[in-house]
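We name chains A, B, ... by the order of the sequence lines, and we start the count at 1 in each one.
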There are 2 protein chains.
Amino acid sequence: MQAKDVLSIGEIAARVGLSVSSIRFYEARGLIQAHRSAGQQRRYHRADIRRLSFIRIAQQLGLTLEEIKAELDRLPLGRPPNARDWRGISTAIAATLDQKIQALMKTRDRLDGCIGCGCLSLETCALFNPRDQAAKGGAGPRYLLGDDIPPATKASAHD
Amino acid sequence: MQAKDVLSIGEIAARVGLSVSSIRFYEARGLIQAHRSAGQQRRYHRADIRRLSFIRIAQQLGLTLEEIKAELDRLPLGRPPNARDWRGISTAIAATLDQKIQALMKTRDRLDGCIGCGCLSLETCALFNPRDQAAKGGAGPRYLLGDDIPPATKASAHD
DNA sequence: ATGCAACCTCAACCTAGATTGAGGTCAAGC
DNA sequence: GCTTGACCTCAATCTAGGTTGAGGTTGCAT
């Protein structure tokens with residue numbers, strides 16, 4: 001297990017369990033950079049393994065690439081990040097996760113109330129109220145989980 | 001407030017707080033049906049208000065349209081669903097939600113362990129382990145939340 | 001010095017969940 | 001009976017997060 005300091009994209013992909021195409025995609029999105037060989041092939045440092053692994057984990061945790069980029073942008077520029085740097089941003093992400101869990105539990109409780117009260121009877125039900133916008137605007141269940149709520153859409157619902 | 005029994009798509013859209021285009025989209029996806037006027041315009045029944053509202057709520061709860069369709073398909077066919085029918089599927093959804101919360105909390109705990117153990121040190125870390133596939137395969141954070149885990153992808157990671 | 005796997009770019013395609021626009025029809029009020 | 005807003009279909013576009021393929025280079029081992 002010789003400590004190889006410079007890796008090709010295929011090598012680093014195998015190391016972190018990502019596809020080559022994803023890594024190029026992340027580069028296009030600004031989450032990672034590579035320097036190039038004389039023939040324009042991407043070359044990575046050992047430290048990039050950690051960076052890519054972090055991306056993978058953060059995705060498992062439900063963060064968008066935008067969010068992940070925001071965290072990564074807080075890493076130091078001049079030197080490779082150390083354990084403390086990583087611990088810092090992991091802690092930040094744990095907090096984000098907590099918020100998402102809280103939001104989900106709150107919603108769960110509301111649903112409970114709705115079921116309990118013989119609800120789904122409209123008008124009185126918070127979940128059924130059209131003015132109670134939450135799921136509009138993007139793909140996926142994201143708003144629900146604690147992200148920005150987009151400004152109310154046109155739905156002129158005067159029921 | 002006259003009880004109108006038949007509604008146009010614009011009317012029902014306003015009632016439930018959805019856009020007209022979404023409702024057509026849901027129809028294309030098989031979540032709702034309309035009968036048609038002589039001139040091919042969609043006509044909805046009062047009972048469809050509840051159906052569409054349910055779709056909205058279930059989305060807020062983070063279900064995909066596929067999942068929502070699966071629930072709706074369990075409603076009776078011959079008659080309009082009653083309160084008990086709705087209560088039944090709401091309960092089912094509460095259970096799904098619980099699973100998602102559990103999964104999220106478990107992941108949160110794992111992250112905690114990782115931070116605590118001075119982790120992010122690779123090799124030993126469960127979250128950092130490439131073989132620990134979870135976020136691959138589709139869009140969004142969905143697998144994480146307890147959905148099907150897709151079969152392991154090619155990543156030949158023999159680190 | 002050559003062969004071939006791995007790399008390069010760029011464009012097209014994919015799913016989910018829609019919105020927007022073009023071009024055309026319906027129906028209700030005056 | 002005509003105007004006008006609401007409706008119709010169908011195709012294109014969008015975001016997120018990628019994959020796939022075409023067509024063309026690089027670079028390492030023999």
Side-chain angles (χ1 to χ4, degrees), chain A residues 4 6-14 17-32 34-44 52 55-56 58-60 62-69 133-145 147-148 150 153-156, chain B residues 6-14 17-32 34-44 52 55-56 58-60 62-69 134-145 147-148 150 153-156:
Chain A
K4 214 173 163 183
V6 170
L7 303 131
S8 72
I9 193 167
E11 287 165 342
I12 203 167
L18 285 169
S19 68
V20 166
S21 62
S22 306
I23 296 178
R24 291 203 194 101
F25 181 75
Y26 297 153
E27 181 178 318
R29 281 283 199 278
L31 277 77
I32 184 143
H35 50 275
R36 302 294 185 118
S37 73
Q40 293 310 303
Q41 297 197 355
R42 289 171 180 82
R43 294 299 179 240
Y44 296 91
L52 286 171
I55 294 171
R56 236 169 54 80
Q59 278 203 295
Q60 288 180 41
L63 305 208
T64 64
L65 293 187
E66 269 302 303
E67 289 168 330
I68 297 170
K69 176 169 162 41
Q133 293 284 356
K136 308 299 300 304
R142 230 157 273 130
Y143 296 120
L144 187 253
L145 296 176
D147 288 14
D148 296 336
T153 41
K154 50 197 168 189
S156 66
Chain B
V6 170
L7 302 132
S8 71
I9 193 167
E11 287 165 342
I12 203 168
L18 284 170
S19 69
V20 165
S21 62
S22 305
I23 296 177
R24 292 203 194 100
F25 180 75
Y26 296 153
E27 182 178 317
R29 281 284 198 277
L31 276 79
I32 183 139
H35 50 276
R36 301 294 183 118
S37 73
Q40 293 311 302
Q41 297 197 354
R42 288 171 181 82
R43 294 297 178 242
Y44 295 91
L52 286 170
I55 295 171
R56 237 170 54 82
Q59 278 203 295
Q60 290 179 40
L63 305 208
T64 64
L65 293 186
E66 268 303 303
E67 289 167 330
I68 297 169
K69 176 169 162 41
K136 307 300 299 306
R142 228 157 274 131
Y143 296 120
L144 191 251
L145 297 176
D147 288 13
D148 297 337
T153 41
K154 50 197 168 190
S156 67

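- Atom CG of B:L31 is separated from atom P of C:dA16 by 12 Å (rounded to the nearest Å).
- One interatomic measurement links the two molecules: CD of B:E67 to C1' of C:dA16, which rounds to 12 Å at whole-angstrom precision.
- Following rounding to the nearest Å, B:E66 (CD) and C:dT15 (P) show an atom-to-atom distance of 12 Å.
- Residue B:Q59 places no side-chain N or O under 4.0 Å from the OP1 or OP2 atom of C:dA16.
- Dashed line: the shortest gap from a side-chain N or O of B:S19 to OP1 or OP2 of C:dT19 is under 4.0 Å.
- Annotation: of the two residues near DNA chain C, B:L65 and B:A38, the 5′-most nearest-nucleotide partner is B:L65.
- In this structure, B:S37 has no side chain to side chain donor-acceptor pair (under 3.5 Å) partners at least two apart in sequence or on a different chain.
- For A:R42, the salt bridge (charged side-chain N to carboxylate O under 4.0 Å, His left out) test picks out A:E27, with sequence neighbours left out.
- Shown here are the side-chain contact (heavy atoms from CB on, under 4.5 Å) partners of B:F25, two or more places apart in sequence or in another chain: B:R29, B:L65.
- With distances taken from any side-chain atom of B:F25 to the nucleotides C:dA18, D:dG18, C:dA16, the minimum falls on C:dA18.
- Nucleotide D:dC28 holds its P atom 13 Å from the CG atom of A:L7, rounded to whole Å.
- Between B:R29 atom CZ and C:dT19 atom P the separation is 13 Å, expressed in whole Å.
- When the side-chain nitrogen and oxygen atoms of A:S22 are compared with OP1 and OP2 of D:dT19, one or more of them lie within a distance under 4.0 Å.
- In terms of phosphate contacts, A:S37 brings no side-chain nitrogen or oxygen within less than 4.0 Å of OP1 or OP2 of D:dT26.
- Contact annotation: the side chain of A:I32 approaches that of A:Y44 to within less than 4.5 Å [non-hydrogen atoms, C-beta and beyond].
- Within 6.0 Å of atom CD in B:E66, 12 or fewer heavy atoms from other residues, nucleotides or ligands are found, so the atom counts as exposed in its surroundings.
- Screening A:L18, A:I55, A:L31 for a side chain to side chain contact (heavy atoms under 4.5 Å, CB included) involving A:I23 leaves a single residue, A:L18.
- Computed from coordinates, the A:R56 CZ to D:dG18 P distance equals 11 Å when rounded to whole Å.
- Residues meeting the ring pair (Phe, Tyr, Trp, His ring centres under 6.0 Å) test with A:H35, sequence neighbours left out: A:H45.
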(request) Treat primed atoms plus P, OP1 and OP2 as sugar-phosphate and everything else as base, then score nucleotides 1-11 of chain C 5' to 3': B for base contact with protein heavy atoms under 4.0 Å, S for sugar-phosphate contact only, - for none. (result) ------SSB--
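- Within the 4.0 Å cut-off from OP1 or OP2 of C:dA18, at least one side-chain nitrogen or oxygen of B:Y26 is found.
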